[in-house]
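Residues take their numbers from the sequence shown, with the count starting at 1.
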Amino acid sequence: MFNTGIEAVDCYAPEKIITNDDLSKTLDTSDEWIFSRTGIKKRHLSTGEDTSQLCTKVAERLLAKSGTDPLEIGLIIVGTITPDYATPSTACLVQGAIGASNAFAFDVSAACSGFVYALSIADKYIKSGGCKKAIVIGAEVLSKIVDWKDRSTCVLFGDGAGGVLLEGVNEGGILAEDIHSKGEDGLKMTGNERKPQNIVYNPEGENNPYLVMDGRAIFNFATRIVPKSINEVLEKSNLKIEDIKYIIPHQANSRIIDVVAKKLNAASEKFYLNISEYANTSAASIPMALGEMDNKGLLEKGDKIIISGFGAGLTWGSMLIEW
């Protein structure tokens with residue numbers, strides 16, 4: 001049986017950049033206040049590009065990088081909580097845009113863990129022979145569901161996309177995973193509420209279209225569960241943290257990563273962070289970081305890395321990958 005290897009990785013972010021100073025012109029905040037609490041300096045925001053368009057840019061780059069014909073792609077999965085439509089899926093829109101007419105396509109909704117969840121699903125299809133090549137993308141236009149008058153949330157988020165092109169390999173690739181959810185705490189973070197409403201039922205109160213979260217609860221959840229999940233994939237692989245070249249966490253808050261690093265007794269340099277440039281891009285954050293690392297030449301054949309996502313649902317998941 002094949003392992004699932006990453007043949008290509010890339011990312012894309014909208015050109016428009018909004019700095020902390022820009023936000024301070026309309027909000028009671030400052031660059032120092034935001035950066036000291038989150039590690040964020042700026043974020044990229046869409047000026048009209050929707051999620052499927054960000055995904056299509058990434059898919060086109062993956063095909064060009066790997067020299068792959070779109071007709072070779074058998075599966076496309078997009079992890080997102082900000083699709084263009086409830087239906088069709090963002091993945092189907094991408095399939096049509098790139099001409100991957102032999103692929104089947106669907107979306108996964110697991111918030112900031114969306115890319116890890118989608119990668120796990122695609123891994124099973126590759127390993128079982130269900131398809132030979134797959135594209136997995138994490139993408140968000142979170143600016144669509146952020147309340148730009150709410151200082152506690154709007155400073156945290158940005159837009160972007162990243163993804164991988166997968167194929168079967170004899171050695172390396174995805175070696176272990178640890179994936180979970182905790183639905184009983186699901187309402188700790190919500191977004192784009194949609195209550196039943198029709199000719200026989202009119203609910204009291206309006207839907208809340210914006211992201212809402214219990215920041216302290218999410219912080220405590222992430223700092224508790226991420227080290228545990230990373231240790232789980234290490235144990236499954238009979239490896240130690242010293243064997244890992246990079247840990248690529250979901251880019252939510254630099255303070256979370258500082259706590260995780262201390263709990264793992266790992267050097268902070270082992271964690272790749274780009275949150276200062278892009279802010280929290282939910283399902284896009286991990287593949288965007290991978291794409292940036294690859295474009296900088298930081299990832300070499302044989303490197304062992306761990307990716308770890310966590311977020312609304314509540315969901316979390318980690319994977320060990322040999323590049």
Legend entry - Non-neighbouring partners of Asp31 that pass salt bridge (Lys or Arg N to Asp or Glu O under 4.0 Å), sequence neighbours left out: Lys41
Inset, instruction - Kindly compute the distance separating CG (Leu165) from CD1 (Ile137), expressed to the nearest 0.5 Å. - result: 9.5 Å
Legend entry - Electrostatic pair Asp159-Lys16, nearest N-O below 4.0 angstrom: no
Inset, instruction - Determine, using the 4.5 Å side-chain heavy-atom cutoff (strictly less than), whether Leu314 and Ile179 are members of one ILVMFWY cluster. - result: no
Legend entry - Sole residue of Asn192, Asp50, Asp84, Thr82 in side-chain hydrogen bond (donor to acceptor under 3.5 Å, both in side chains) with Lys144: Asp50
Inset, instruction - Can you see which heavy atom on Val233 is nearest to which on Ser318, and at what distance? - result: CG1-O, 3.7 Å
Inset, instruction - Can you measure from CD (Glu277) to CD (Gln251) and round to the nearest 0.5 angstrom? - result: 11.5 Å
Inset, instruction - For the pair Thr80 (side chain) and Ala139 (backbone), establish whether a donor and an acceptor sit closer than 3.5 Å, ignoring hydrogens and angles. - result: yes
Inset, instruction - Might you point out which heavy atoms bring Lys236 and Ala176 nearest each other, and give the distance in Å? - result: CB-CB, 4.3 Å
Legend entry - Pairs meeting criterion salt bridge (Lys or Arg N to Asp or Glu O under 4.0 Å) with involvement of residues 172-193, two or more places apart: Lys124-Glu177, Lys182-Asp185
Inset, instruction - Determine yes or no for a side-chain-to-main-chain donor-acceptor pair under 3.5 angstrom, with Asp10 supplying the side chain and Leu62 the backbone. - result: no
Legend entry - Pair Ser120, Asp123: side-chain N/O donor-acceptor within cut-off below 3.5 Å: no
Pair up each side-chain donor or acceptor in residues 260-274 with any protein partner under 3.5 Å, not counting sequence neighbours, and list the distances.
from   : atom 1 : to     : atom 2 : distance (Å)
Lys263 : NZ     : Thr223 : O      : 3.1
Lys270 : NZ     : Ile241 : O      : 3.4
Lys270 : NZ     : Ile244 : O      : 2.4
Tyr272 : OH     : Glu292 : OE1    : 2.5
Tyr272 : OH     : Lys296 : NZ     : 3.2
Asn274 : ND2    : Glu292 : OE1    : 3.3

Inset, instruction - Indicate the atoms forming the closest heavy-atom contact of Asn3 with Gly172, along with that distance. - result: ND2-O, 2.9 Å
Inset, instruction - Over all heavy atoms of both residues, which pair between Thr29 and Ser24 is shortest? Give the atoms and the distance, please. - result: O-CB, 3.3 Å
Legend entry - Side-chain H-bond candidate by donor/acceptor type, Glu60 with Tyr12, under 3.5 Å: no
Inset, instruction - Could you tell me whether the side chain of Arg194 and the main chain of Asn207 form a donor-acceptor pair under 3.5 Å? - result: no
Inset, instruction - With sequence neighbours excluded, tell me which residues meet side-chain hydrogen bond (donor to acceptor under 3.5 Å, both in side chains) with Thr56. - result: none
Inset, instruction - Using side-chain hydrogen bond (donor to acceptor under 3.5 Å, both in side chains) as the criterion, point out the one residue from Thr281, Asn280, Asn20 that pairs with Arg43. - result: Asn20
For residues 101-111, dump all side-chain donor-acceptor pairs below 3.5 Å to protein atoms at least two apart in sequence or in another chain.
from   : atom 1 : to    : atom 2 : distance (Å)
Asn102 : ND2    : Leu71 : O      : 2.9
Asp107 : OD1    : Thr90 : N      : 3.3
Asp107 : OD1    : Ala91 : N      : 2.9
Asp107 : OD2    : Thr90 : N      : 2.8
Asp107 : OD2    : Thr90 : OG1    : 3.3

Legend entry - Heavy atoms from other residues, nucleotides or ligands near NZ of Lys133 exceed 12 (cutoff 6.0 Å): yes
Inset, instruction - Would you indicate whether the side-chain heavy atoms of Leu142 and Ile81 approach each other to under 4.5 Å? - result: yes
Legend entry - Connected via hydrophobic side-chain network under 4.5 Å: Val155 and Ile256: yes
Legend entry - Separation of Leu166 CG from Ile6 CD1 (nearest 0.5 Å): 6.5 Å
Inset, instruction - Could you pull out the closest heavy-atom pair between Ala279 and Gly158, with the gap in Å? - result: CB-N, 4.1 Å
Tabulate below the donor-acceptor pairs under 3.5 Å that side-chain atoms of residues 299-307 make, not counting sequence neighbours, or state none.
from   : atom 1 : to     : atom 2 : distance (Å)
Asp303 : OD2    : Lys245 : NZ     : 3.2
Asp303 : OD2    : Glu300 : N      : 2.8

Legend entry - Any donor-acceptor pair under 3.5 Å from Arg151 side chain to Asp28 backbone: yes
Legend entry - Closest contact, heavy atoms only, Leu63 versus Pro70: CD1-CG, 3.9 Å
Inset, instruction - Check whether Phe310 and Leu290 end up in the same hydrophobic cluster, where Ile, Leu, Val, Met, Phe, Trp and Tyr are linked by side-chain heavy atoms less than 4.5 Å apart. - result: no
Inset, instruction - Indicate if Val9 and Phe115 have the same hydrophobic cluster label, given that clusters are the connected sets of ILVMFWY residues with side-chain heavy-atom separations under 4.5 angstrom. - result: yes
